[in-house]
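The structure appears below as structure tokens.
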Amino acid sequence: MKNFIEKIIEEDLTAGRCSEVITRFPPEPNGYLHIGHAKSICLNFGLPRRYGGRCHLRFDDTNPEKEEEEFIEAIKRDVAWLGFDWGSHLYFASDYFERMYAFAEELIEKGLAFVCDQTLEEIRRDRGTLTEPGKESPYRNRSVEENLDLFRRMRKGEFPEGSRVLRAKIDMASPNLNMRDPVLYRIRRAAHPRTGTTWCIYPMYDFAHCLGDAIEGVTHSICTLEFEDHRPLYDWVLDNVTPPSRPYQYEFARLNMTYTVLSKRKLARLVREGHVNGWDDPRMPTLAGLRRRGVPPEAIRRFCDRIGVAKTNSVVEIELFEHCIREVLNKTARRVMAVLDPVKLTIENYPEDRIEEFEVENNPEDAAAGTRKVAFSRNLFIEREDFLEDPPKKFFRLAVGREVRLKGAYLVTCTGVKKDPETGEVKEVLCRYDPASRGGNTPDGRRVKGTIHWVEEKTAVPAEIRVYERLFRIENPEGAGEEFLEGMNENSFSRKCSALVEPAAVQRTSSGPMPLQFLRMGYFIEDIDSKPNHPIFNKTIGLRDTWAKVKR
RNA sequence: UGGGGCGUCGUCUAACGGUAGGACACGGGACUUUGAAUCCCGCGGUGGUGGUUCGAUUCCACCCGCCCCAGCCA
């Protein structure tokens, strides 16, 4: 299946308009990358992978007031983690400032750019409106010599910030506002993270981006739909200077996802105002957050494959993303047993001092994952929600008089329950086991509907488990404007501080945290805050839960 | 109301002018030592009106709806 950009590329290749595909992923280092960027990254890096060529990582660092070194490093880390390699092609728009400056002088010499002394307010006022043409600047007809002189003095720092700009001389009556003598350069005294104070004039996006593309020999410059109106300006600049190559811009629809905000401003606000714990909070749709949450990069790549690339504004259901996460984790996550909310289970007819070991599989989807041993005794813990005093008809788990299988161990029948006399809370569940069911088998062929997970009291390891839900309870927080915070889910984060996990869950490997499936509960991964004496796990995502639907 | 874009199952996305297909979601069933996974089956769509054509999602006209643009942000 081909998307429209791939069709364009195939035509270009066939027609000989280019011999290889050179793309670029051009983030501005003013925030962290998120799942929406992943769509662009997969597209830009995927195209040359498919058709031959390369993709550059280019930082669009033309606004020193907003950009930071921290973001540059974070972005590199995230792109690499996603699985893409820019090789030696790491670039910065700021590397081209000198050459861009020369192109600006070329425009001035051709009478196609002028230095404008109007204030910001005057420029705005004279731009006109959507329905009325703008008014030409009184400085529009300065001589080439004067413009050159003024522009050079702008560069030297002779004028205060905001006092003058360089503008393209195009058409103040254009129905496309971007063509009404757009600003090309402005004066900014801020220190740039890379060029420091060597420059005090900085090129605007529309001037810098197309030239960056041309300098790098980019063939297909792919961006999002909101830049469609800028394409005439992209072309104008390249058509009016002598660029080293001639790239073309194509636009696709950015990703939107239900229950998620993806605008950089809103994400930055969540971080700044402390609604989440940083850019890598596991509830964040940032790549750093998803990584910490335990989402494998492969799942993100698959997701980007499946959502496709088109020009239709769309909102992808988060369920598709969740499906991709489960799909990958199901094949790769080691199974272990963990009880998040423990209640004692005592097997009355099992000897007090006996300990058995059972061999269980590490991943039924992957025989190569092998098996491990789990300890079993008279005293266990099970999930509190797996016992019900007053069970509904279709409840397959434990209740007085009912039999269930303890995964991998024995069948047990519930004989009673001990409760706190004050609160009525269940303190302990009592049962008797069937010695003939060792390993969870039923020699007599009887069928048990329920199989529950458990941990053994003496060997279980206490752990903290951090449970994350969707950050927003409303489907379209992005559409809620500035009030999007009101759509936040107050229960998006909770801790299970008295969880118990089997020892295999905390076995460390040298290659970083491994995705785990806590049997019947979901996928989890050890958090970076985790310590050997205080293991912490993040819930990546729950298993599909048909029972939850039956209950409803 | 100027300009630019976009309308296909609930959602996302395909279909040289020739049987509207896939994925997710949803519903049902089989299987199951995870109420998971897996496997079957089902559900459902071309914004509207005309026109061209043997035949239109595709071409044309008009209409309707949605998105983007008035930063010295990107």
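Below, read A as the first sequence line, B as the second, and so on, with proteins coming before strands; counting in each chain starts at 1.
When Watson-Crick and G-U wobble pairs are counted only if both distances are under 3.5 Å, B:rA36 pairs with no nucleotide at all. Partner assigned to B:rG10 is B:rC24, using Watson-Crick or G-U wobble distances below 3.5 angstrom. Nucleotide B:rC62 forms a pair with B:rG48, judged by Watson-Crick or G-U wobble geometry with both contacts under 3.5 Å. With a cut-off of 3.5 Å on both Watson-Crick or G-U wobble distances, the partner of B:rA74 is given as none. Of all nucleotides present, none satisfies the Watson-Crick or G-U wobble test against B:rA15 with each distance under 3.5 Å. With a 3.5 Å ceiling on both atom-pair distances, B:rU1 lacks any Watson-Crick or G-U wobble partner.
Rounded to whole Å, the distance from CG on A:Leu255 to P on B:rU13 is 10 Å. When the C1' atom of B:rU34 is taken as reference, atom CG of A:Leu398 falls 16 Å away, rounded to whole Å. Note: CD1 (A:Ile318) to C1' (B:rC12) measures 14 Å, nearest angstrom. With rounding to whole Å, A:Leu519 atom CG is found 11 Å from B:rA37 atom C1'. Put simply, CD on A:Glu475 is 14 Å from P on B:rG10, counting in whole angstrom units. We find that CZ of A:Arg306 is positioned 12 Å from C1' of B:rC12, with the value rounded to whole Å. The CD atom of A:Gln517 sits 13 Å away from the C1' atom of B:rG35 (whole-angstrom rounding). Atom CG of A:Asn476 and atom C1' of B:rC66 are 13 Å apart (whole Å).
Judged purely by distance below 3.5 Å, without hydrogens or angles, the side chains of A:Asp126 and A:Gln118 pair a donor atom with an acceptor atom. Of the N and O atoms on the side chains of A:Tyr234 and A:Asp213, at least one donor lies less than 3.5 Å from an acceptor on the other residue. A donor atom on one side chain and an acceptor atom on the other are found under 3.5 Å apart for A:Thr129 and A:Glu132. Between A:Asn44 and A:Ser40, the side chains place a donor N or O and an acceptor N or O closer than 3.5 Å (distance only, hydrogens not considered). Between the side chains of A:Glu70 and A:Tyr32, at least one donor N or O sits under 3.5 Å from an acceptor N or O.
Looking at A:Glu319, its side chain has no donor and acceptor atom pair within 3.5 Å of the base of B:rU11. Put simply, the side chain of A:Glu132 and the base of B:rG2 share no donor and acceptor less than 3.5 Å apart. A donor-acceptor contact under 3.5 Å is formed by the side chain of A:Arg335 with the base of B:rU34.
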* To do: For A:Val343 and A:Ile382, run side-chain contact (heavy atoms from CB on, under 4.5 Å): C-alpha distance rounded to whole Å, both residues' side-chain angles, the deciding distance at 0.1 Å, then the answer.
  => CA-CA 6 Å; A:Val343 66; A:Ile382 61 169; 3.6 Å; yes
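Salt bridge annotation for A:Glu298-A:Arg301: present, with a cationic side-chain nitrogen under 4.0 angstrom from a carboxylate oxygen. Between A:Arg142 and A:Asp117 there is a salt bridge, with a side-chain nitrogen of the basic residue lying less than 4.0 Å from a carboxylate oxygen of the acidic one.
The nearest heavy atom of RNA chain B to A:Val316 and to A:Arg520 marks one nucleotide each, and the one closer to the 5' end goes with A:Val316. For A:Met1 and A:Lys394, each mapped to the nucleotide of RNA chain B holding its nearest heavy atom, the one lying further toward the 5' end belongs to A:Met1.
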What protein N or O atoms touch nucleotides 68-74 of chain B N or O atoms at under 3.5 angstrom, if any, and at what distances?
unit_1: B:rA70; atom_1: O2'; unit_2: A:Arg127; atom_2: NE; d: 3.2
unit_1: B:rG71; atom_1: OP2; unit_2: A:Arg124; atom_2: NE; d: 3.1
unit_1: B:rG71; atom_1: OP2; unit_2: A:Arg127; atom_2: NH2; d: 3.1
unit_1: B:rC72; atom_1: OP1; unit_2: A:Arg127; atom_2: NH2; d: 3.2
unit_1: B:rC72; atom_1: OP2; unit_2: A:Arg127; atom_2: NH1; d: 3.1
unit_1: B:rC72; atom_1: O2'; unit_2: A:Arg188; atom_2: NH2; d: 2.9
unit_1: B:rC72; atom_1: N3; unit_2: A:Gly162; atom_2: O; d: 3.4
unit_1: B:rC72; atom_1: N4; unit_2: A:Gln118; atom_2: O; d: 3.1
unit_1: B:rC72; atom_1: N4; unit_2: A:Leu120; atom_2: N; d: 3.1
unit_1: B:rC72; atom_1: N4; unit_2: A:Gly162; atom_2: O; d: 3.1
unit_1: B:rC73; atom_1: OP1; unit_2: A:Arg188; atom_2: NH2; d: 3.2
unit_1: B:rC73; atom_1: OP2; unit_2: A:Arg186; atom_2: NE; d: 2.8
unit_1: B:rC73; atom_1: OP2; unit_2: A:Arg186; atom_2: NH2; d: 2.7
unit_1: B:rC73; atom_1: O3'; unit_2: A:Arg186; atom_2: NH2; d: 3.2
unit_1: B:rC73; atom_1: O2'; unit_2: A:Asn63; atom_2: ND2; d: 2.9
unit_1: B:rC73; atom_1: O2'; unit_2: A:Lys66; atom_2: NZ; d: 3.4
unit_1: B:rA74; atom_1: OP1; unit_2: A:Thr62; atom_2: OG1; d: 2.6
unit_1: B:rA74; atom_1: OP1; unit_2: A:Arg186; atom_2: NH1; d: 3.4
unit_1: B:rA74; atom_1: OP1; unit_2: A:Arg186; atom_2: NH2; d: 3.0
unit_1: B:rA74; atom_1: OP2; unit_2: A:Tyr205; atom_2: N; d: 2.9
unit_1: B:rA74; atom_1: O3'; unit_2: A:Asp60; atom_2: OD2; d: 3.3
unit_1: B:rA74; atom_1: N6; unit_2: A:His230; atom_2: NE2; d: 3.3

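Going from the C1' atom of B:rG55 to that of B:rG18 covers 7 Å, rounded to whole Å. For the C1' atoms, the distance linking B:rA61 with B:rA20 amounts to 25 Å, nearest Å.
Within 4.0 Å (heavy atoms only), A:Leu320 reaches sugar-phosphate atoms of the nucleic acid but no base atom. Using a 4.0 Å heavy-atom criterion, one finds that A:Val448 contacts no nucleic acid atom at all. Counting non-hydrogen atoms under 4.0 angstrom, A:Val315 reaches the backbone sugars and phosphates but no base. Contacts of A:Lys7 with the nucleic acid, taken as non-hydrogen atoms under 4.0 Å apart, involve only primed sugar atoms and P, OP1 or OP2. Among the atoms of the strands shown, base atoms are found under 4.0 Å from some heavy atom of A:Phe395. Residue-level contact check: A:Lys407 touches the bases, meaning some heavy atom is under 4.0 Å from a base atom.
Annotation: salt bridge (charged side-chain N to carboxylate O under 4.0 Å, His left out) contacts involving residues 331-340 of chain A, sequence neighbours excluded, comprise A:Lys331-A:Glu365.
Cation-pi contact between A:Arg188 and A:Tyr202: absent, since separation from the ring centre below 6.0 Å together with deviation from the ring axis within 45° is not met.
Taking side-chain N and O atoms only, A:His453 has no distance below 4.0 Å to OP1 or OP2 of B:rU34. Contact check, A:Lys549 against B:rC26: a side-chain N or O comes under 4.0 Å of OP1 or OP2. At B:rU32, none of the side-chain N or O atoms of A:Thr451 fall inside 4.0 Å of OP1 or OP2 (strictly under the cut-off). The phosphate of B:rC26 has OP1 or OP2 within less than 4.0 Å of a side-chain N or O from A:Arg544.
Annotated as syn: B:rG71, whose glycosidic dihedral is within 90° of 0.
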